[in-house]
Amino acid sequence: MSDRARTGSETAPPAVLFDIDGTLVDSVYLHVSAWLRAFDAEDIPVEGWRIHRCIGMDGTTLMRTLAGEVSQDVLDSLKARHSEFYRETAGLLTPLPGARDLLRRVAELGLQVVLATSAPEDELRLLREVLDCDEVVAAVTSSEDVDTAKPKPDIVQVALQRAGVNADDAVFLGDAVWDCEAARRAGVRSLAVLSGGVSRGELREAGAKDVFENPEELLAKLESTVIGELARRVSS
């Protein structure tokens, strides 16, 4: 991973904070399937659509929301089973249309590319291998950086710190209402994509300034977005 962020007395360039699951990599429904199997293995009946509605939440929050009052041993088992079942489908992970080109274009514009995810380290490695864009990445977060992730703003705040910028010099791109809500709580503007299976209206209501079908559509309209605004600051 390259370290494109400036340090010392230099001002760090603005940053685009990217969620990965469902935003850059087509993984949301693999997570739904893995969680469905995990709950079934623990004899906890949960409907698939309810799981989908929670994807993007912090993992512990997701489990407690769906499983109710269960022991820590059950939570640990659910987490382990989800990871196991998810890894079994890793060969199906693919970048969403335009994801790689979007990351490279953002870097070309002089902006920092920050992977602002709360994915566990093992899943993050898989996602980064699928994206194959580490050469343009300035900073990365993971589940190890916070105790509780989205919709709390902690992971967004860590990403801002890693990039060395304040909230006004960043924008967050996600695919879930939890992404937009976390960004809003951190004072960061957000954009969203529909590739997580969440409606345009819900994403806007959660705080997204604009919503696009996928990274490819965002890339085509980049100049007119908040990302284009940040890029103009760099070039002015």
Side chain [X], main chain [Y], donor-acceptor under 3.5 Å:
{"X": "Asp145", "Y": "Ser142", "result": "yes"}
{"X": "Gln112", "Y": "Pro13", "result": "yes"}
{"X": "Arg200", "Y": "Val211", "result": "yes"}
{"X": "Asp179", "Y": "Ala176", "result": "yes"}
{"X": "Arg233", "Y": "Pro14", "result": "no"}
{"X": "Ser190", "Y": "Ala183", "result": "no"}
{"X": "Arg50", "Y": "Leu66", "result": "no"}
{"X": "Arg128", "Y": "Glu123", "result": "no"}
{"X": "Asn166", "Y": "Asp169", "result": "yes"}

Sub-4.5 Å side-chain heavy-atom contact between [X] and [Y]:
{"X": "Val140", "Y": "Val114", "answer": "no"}
{"X": "Val171", "Y": "Leu230", "answer": "yes"}
{"X": "Arg105", "Y": "Leu111", "answer": "no"}
{"X": "Leu62", "Y": "Ile55", "answer": "yes"}

Measuring from [X]:[atom1] to [Y]:[atom2], what's the distance to the nearest 0.5 Å?
{"X": "Leu92", "Y": "Ser27", "atom1": "CG", "atom2": "OG", "answer": "11.5 Å"}
{"X": "Thr23", "Y": "Phe172", "atom1": "OG1", "atom2": "CZ", "answer": "7.0 Å"}
{"X": "Leu115", "Y": "Leu127", "atom1": "CG", "atom2": "CG", "answer": "9.5 Å"}
{"X": "Glu216", "Y": "Lys221", "atom1": "CD", "atom2": "NZ", "answer": "11.5 Å"}
{"X": "Leu173", "Y": "Leu103", "atom1": "CG", "atom2": "CG", "answer": "9.5 Å"}
{"X": "Ile51", "Y": "Met63", "atom1": "CD1", "atom2": "CE", "answer": "12.5 Å"}

Could you go step by step and tell me if Val156 and Leu17 meet the side-chain contact (heavy atoms from CB on, under 4.5 Å) rule? CA-CA 8 Å; Val156 180; Leu17 316 179; 4.0 Å; yes
What are the two closest non-hydrogen atoms of [X] and [Y], and how far apart are they?
{"X": "Ala182", "Y": "Lys152", "value": "CB-O, 3.5 Å"}
{"X": "Val234", "Y": "Gly110", "value": "CG2-O, 4.0 Å"}
{"X": "Ala119", "Y": "Asp21", "value": "CB-OD2, 4.3 Å"}

Residues Glu202, Arg53: salt bridge by 4.0 Å N-O rule: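 Counted as a salt bridge, because a side-chain N and a carboxylate O are separated by less than 4.0 Å.
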Please say yes or no: joined through hydrophobic side-chain contacts below 4.5 Å, possibly via intermediate residues, are Leu160 and Val158 part of one cluster?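 Yes, Leu160 and Val158 fall within the same hydrophobic cluster.
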Take Thr225 and Lys209 through the side-chain contact (heavy atoms from CB on, under 4.5 Å) test and state the conclusion after the steps. CA-CA 9 Å; Thr225 71; Lys209 300 299 181 185; over 6 Å; no
Determine whether the side chains of Glu42 and Ser77 contain a donor N or O and an acceptor N or O closer than 3.5 Å.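 Yes - a donor-acceptor pair under 3.5 Å links their side chains.
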Assess whether ring pair (Phe, Tyr, Trp, His ring centres under 6.0 Å) is satisfied between Phe39 and His82, documenting all intermediate values. CA-CA 9 Å; Phe39 284 115; His82 166 266; 9.3 Å; no
